[in-house]
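Notes for the one structure printed next.
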Amino acid sequence: MEIKVNAGFWAQVRQQTRVWRAGVLPGLAVISFVTIARLTGSLQVLEWGAFDSFLRSRPMESPDPRIVIVGIDETDIRAIGKYPIPDPALARLLETLESYHPAAIGFDLFRDGTTDPNRAELARVFQANANLVGIEAEAGSAVALRVKPPPELPPDRVGLADIILDSDGKLRRCLLATESDAGNIKYSLSLRLAERYLRARGFAFQQGDRASAPIRFGSFELPRFRENTGGYVRAASGGNQILINFRSNPNPFPVVSMTNVLEGKVSPETIRDRIVLVGITASNSLNDTVMTSATKGGLLANTIDSDNQFQLLYGIENHAHSTSQIISAVLDRRPLLLAWPEGAEYLWILLWGTGGIISGLLLRSPWKTLLVLAGSSAILILLSYGLVIVGWWVPVVPSLLALCAAGLTTSLFDRDARLLLEQRSLTLRRTYDAVHNGPLQTLAAMLRSLDDLPPEHMRSQLQNLNQELRSVYESMHEAILTGDRSYVQTPIHELLYQIYDNTLKRDLPGFNSIRTFIPPDFTPLCDCPLSADQKQALCIFLQEALCNVGNHATNASCLDVICRREKTWYTLKVIDNGISSLPEPFNAREGRGTAQARELARSLKGRFQRCSHSPHGVVCELTWCRSQPWWKLSHPFKSVLRPFRRL
């Protein structure tokens with residue numbers, strides 16, 4: 001017995017493994033496809049968009065008062081009466097700012113050469129102001145785009161103004177250091193300004209002899225951008241770059257105008273010990289703007305009152321954000337944007353894809369699968385958003401695709417495999433039931449009366465058996481073609497009448513002695529809600545019970561089939577008064593017919609029993625309760641509400 005149980009168990013395991021394999025393999029194929037799409041960079045733009053959305057949706061941060069922008073806007077240009085701004089006006093502006101004792105001044109205007117006759121005044125300010133840092137452009141091999149710094153400034157007071165844009169034209173990175181053609185290391189304007197500000201507070205700047213070497217302020221190291229950082233795939237990562245953690249505020253820095261500074265309308269406390277950035281903030285000078293969708297706003301966006309998620313930032317704002325994130329990370333431990341190692345990112349994608357596969361396998365209902373996948377997707381998005389808030393960029397788009405696509409694909413293939421397996425099992429059961437309730441019953445009757453049958457009668461019964469065996473194929477073929485249409489369309493009481501009549505016409509020995517056939521009344525089942533499978537099982541139950549009388553009842557003179565309804569309970573009972581050849585107790589014998597009856601009782605949430613009938617005979621009884629929707633059940637308040645229904 002133990003061997004049979006173990007064999008059955010392992011057979012079920014193998015069958016379940018085949019079903020799961022049919023669902024798991026397509027899910028793994030989907031995860032592989034998503035992984036390949038990410039490796040090739042096909043998902044890069046989508047990941048950038050999700051990353052920008054997370055940055056833009058972060059909680060509001062307070063402005064950074066340590067950085068002040070002195071913007072040259074349209075009002076300043078009209079007041080000066082000339083553009084570009086003449087050198088003497090810029091010299092007066094820088095002298096005024098220097099008199100307020102700022103920590104550093106970033107001069108974000110190109111002044112590599114000029115024909116202005118008053119150049120000497122600006123040159124004197126450049127030379128005298130040790131806190132002033134100018135800019136140059138070192139745009140790689142594009143010599144035409146290179147702009148030299150002011151000749152009066154030494155190399156340690158010159159910063160790069162180069163901006164790195166991604167392939168979608170948006171700003172996400174900052175170039176901190178690069179090497180010139182001569183092999184010298186050049187640093188960005190933001191890094192030069194942060195260096196002066198932090199050095200005064202005891203954080204010494206450290207870097208090796210190459211631009212790609214780590215950059216440190218004291219013991220704090222700036223994370224370097226790599227070619228596959230975050231959602232990037234084989235990005236140009238030359239020099240030393242860093243992701244920009246934009247300050248989450250529509251007005252992240254104090255802004256004053258050039259005119260107000262020159263007219264003394266700006267308090268010295270606003271400038272003292274601050275990093276001051278001087279640059280263009282005129283909306284008609286769009287050649288010094290960059291596009292981003294990672295900020296809540298900017299000077300230009302606030303001016304034109306735009307709600308578009310694609311914001312334009314002035315170049316001076318970019319330098320302000322880059323400078324602010326460095327000094328905030330060192331002094332305030334504000335997180336910089338980091339990314340996991342590549343292996344951890346792909347493991348993250350695999351884990352979420354595996355979760356989708358498990359959901360598709362365990363949840364048989366498509367709606368449950370969709371609901372769980374929707375909930376898991378929300379958890380993934382919220383978790384990724386939370387990680388961005390604390391400074392970690394994890395791949396959300398490929399993880400989301402792997403989760404949903406693998407889950408839906410697995411659910412689809414697993415459902416198809418299970419349906420195919422169930423259809424095969426159902427076909428086998430129905431075939432066996434057709435053979436069991438037809439030819440096998442005839443064969444059993446022939447075997448019990450083999451010695452008493454004359455040859456002519458034996459030949460007749462063998463011909464009937466041959467015909468019944470042939471009709472099994474025809475009946476199964478018709479069932480496959482028509483499905484359960486007959487059981488759906490035909491009322492149950494009509495089906496039972498047909499089974500009753502057809503079964504009693506069969507040449508079974510137990511029927512020969514019966515003289516009293518009490519005609520049944522199946523109409524109490526007219527209002528009983530039954531599915532097509534339950535109708536078919538009920539017909540098989542009646543046929544099996546009648547065949548048991550025909551095969552196993554000896555000297556039976558009466559056959560009674562009772563069908564009745566009492567409130568919500570239904571009963572179908574077959575009673576004979578013969579002497580049964582079945583061994584007692586009846587419940588100890590678990591044949592196919594008994595197994596069918598028990599399965600039907602479980603389906604109907606009822607009970608089945610076969611017992612002796614006094615003084616002779618057998619009772620085969622099936623009892624079940626009519627299931628009702630919850631809104632039709634009896635409620636304690638129904639009697640209270642009944643009078644109001646008449647109103």
TODO: Test side-chain contact (heavy atoms from CB on, under 4.5 Å) on Leu171 and Leu165 and set out the steps.
DONE: CA-CA 5 Å; Leu171 174 70; Leu165 300 179; 4.1 Å; yes

Open item on the list: Between Thr281 and Val255, does the side-chain contact (heavy atoms from CB on, under 4.5 Å) criterion hold? Intermediate values first, please.
Closed with: CA-CA 10 Å; Thr281 58; Val255 180; 5.5 Å; no

Open item on the list: Assess the residue pair Leu277 and Leu189 against the criterion (side-chain contact (heavy atoms from CB on, under 4.5 Å)); give the C-alpha distance rounded to whole Å, side-chain angles, the decisive distance to 0.1 Å, and a yes or no.
Closed with: CA-CA 10 Å; Leu277 280 162; Leu189 174 63; 4.1 Å; yes

TODO: Kindly determine whether Arg216 and Glu221 satisfy salt bridge (charged side-chain N to carboxylate O under 4.0 Å, His left out), including the steps that lead there.
DONE: CA-CA 4 Å; Arg216 296 184 179 89; Glu221 181 177 324; 3.1 Å; yes

- [ ] Give the C-alpha distance, both sets of side-chain angles, the deciding distance and a yes or no for side-chain contact (heavy atoms from CB on, under 4.5 Å) between Leu243 and Trp393.
- [x] CA-CA 10 Å; Leu243 290 171; Trp393 181 7; 3.9 Å; yes

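Taking 4.5 Å as the limit, every side-chain heavy atom of Phe33 sits out of range of all side-chain heavy atoms of Thr409. Taking 4.5 Å as the limit, every side-chain heavy atom of Pro102 sits out of range of all side-chain heavy atoms of Arg196. For the pair Ser399 and Ile349, the minimum side-chain heavy-atom distance is below 4.5 Å. Counting only heavy atoms from C-beta outward, the side chains of Leu39 and Val233 never approach each other to under 4.5 Å. Two residues are said to be in side-chain contact when any heavy atoms from C-beta on lie closer than 4.5 Å; Asp52 and Thr292 fail this criterion. Put simply, the side chain of Arg119 reaches to within 4.5 Å of the side chain of Leu122, judged on heavy atoms. In this structure the side chain of Trp348 reaches within 4.5 angstrom of the side chain of Leu380, judged on heavy atoms. Residues Phe217 and Ile326 meet the side-chain proximity criterion, which asks for heavy atoms closer than 4.5 Å.
For Val34 against Leu43, the heavy-atom pair with the smallest separation is O-CD1, 4.0 Å. Leu336 and Ala329 get closest at one heavy-atom pair: CG-CB, 3.7 Å. Taking each heavy atom of Arg333 and Val330 in turn, the nearest pair found is NH1-O, 2.6 Å. Across Thr229 and Arg226, no two heavy atoms sit closer than the pair OG1-N, 2.8 Å. Nearest approach of Cys404 to Leu373, heavy atoms of both residues: O-CD1, 4.0 Å.
Checked by atom type, the side-chain pair Arg66/Ser328 shows a donor-acceptor distance below 3.5 Å. Side chains of Tyr187 and Gln207: a donor-acceptor N/O pair is present below 3.5 angstrom, by distance only. Using modelled atom types, one finds a donor on one side chain and an acceptor on the other under 3.5 Å when comparing Ser188 with Ser190.
Checking each of Val125, Ile135, Leu90, Val70 against Phe107 for a side-chain contact (heavy atoms from CB on, under 4.5 Å) leaves exactly one that passes, namely Leu90. When each of Glu152, Glu98, Glu95 is paired with Arg124, the salt bridge (charged side-chain N to carboxylate O under 4.0 Å, His left out) condition holds for Glu95 and for no other. The residue from Ile215, Leu337, Leu176 that alone fulfils the side-chain contact (heavy atoms from CB on, under 4.5 Å) condition with Ile242 is Leu176.
Arg58 forms no cation-pi arrangement with Phe54, by the criterion of a distance under 6.0 Å to the ring centre and an angle within 45° of the ring axis.
A distance of 5.5 Å separates CG of Asp168 from CG of Asp166, quoted to the nearest 0.5 Å. We find the CG-OG distance between Leu403 and Ser359 to be 7.0 Å, quoted to the nearest 0.5 Å.
Between Trp48 and Tyr232, the two ring planes are tilted [angle within 30° to 60°].
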